[in-house]
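First the structure, in the form of structure tokens, and then the observations on it.
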Amino acid sequence: FLHILKKQELQLLLKNSYVGALWFVQTYVILLLLWNVFQYVIKHFHWGWVSIGSLFLYVISWSILYFIQPHIKNVICGGVVNVIVLALRSQFPFVIGIILAKEDFVDTWNLGTKIRKNEWASWIGLCVVVIVRMFFPNMFFAPFTAFVVIFLFGTYKWDIVNKILHYFGK
């Protein structure tokens, strides 16, 4: 079927915004298919080594994105490489999330309790994240900032935010 389509038609089909929105579903399905591999590696190796290996794959994905993918002229090869890059980029936060859930670091280190005791800690942390992201806007840093923001929102008592969300939830 693909050999019938001209190159321009194939590019239009693959780069259509409606088809392009499926990158998330496609990546998520790949991560779910690799779930058993992630579980095995996390179960049999120390979480630190797994984190470093996952970070290494994450750096490789960005290297492919910047140094290899722009030079690929074949649309099908470019699509396959894009899928690989998306899967490698997404595996890092996925694996870190599994490790955090398995090892229960937030409760083990009592980080949540320490932040809850200081009412300004979350606000200062969020301001620091915003300022750092202003100087490093590259999406390479997105998983790191996302972790900090999720952690800070999850540990602080956001009474005003809870009231607003409750109001709109009703």
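What you are looking at is a predicted structure, and each value in this text was computed from that prediction instead of being measured.
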Single-linkage hydrophobic cluster [X]~[Y], side-chain heavy atoms < 4.5 angstrom:
X    : Y    : result
F144 : M134 : no
V41  : W49  : no
I99  : F45  : yes

| Heavy-atom count around F141 CZ within 6.0 Å, excluding the residue itself: above 12? | yes
| remark: Shortest non-hydrogen pair, A142 vs R133, comes out as N-NH1, 3.6 Å
| task | Kindly give the heavy-atom pair with the smallest separation between I72 and G78, and that separation in Å. | result | CG2-N, 3.6 Å
Would you compute the distance between atom [atom1] of [X] and atom [atom2] of [Y] and round it to the nearest 0.5 angstrom?
X    : Y    : atom1 : atom2 : result
Y58  : I96  : OH    : CD1   : 11.0 Å
K163 : F168 : NZ    : CZ    : 15.0 Å
I52  : L57  : CD1   : CG    : 12.5 Å
Q26  : N82  : CD    : CG    : 7.5 Å
Q39  : H44  : CD    : NE2   : 11.0 Å
Q69  : S63  : CD    : OG    : 12.5 Å

Can you tell if the side chain of [X] reaches within under 4.5 Å of the side chain of [Y], non-hydrogen atoms only?
X   : Y   : answer
K43 : Y40 : no
F92 : S51 : no
L34 : F94 : no
R89 : L65 : yes
L31 : F38 : yes

| Under 3.5 Å, side chain of S90 to main-chain N/O of A87, donor-acceptor pair present? | no
| request: From the options T27, I64, I60, select the one residue that forms a side-chain contact (heavy atoms from CB on, under 4.5 Å) with V85. | output: I64
| task | Kindly assign one of parallel, tilted or perpendicular to the pair W62 and F140, based on the angle between their ring planes and the thresholds 30° and 60°. | result |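 Geometry flag for F140 against W62: perpendicular rings.
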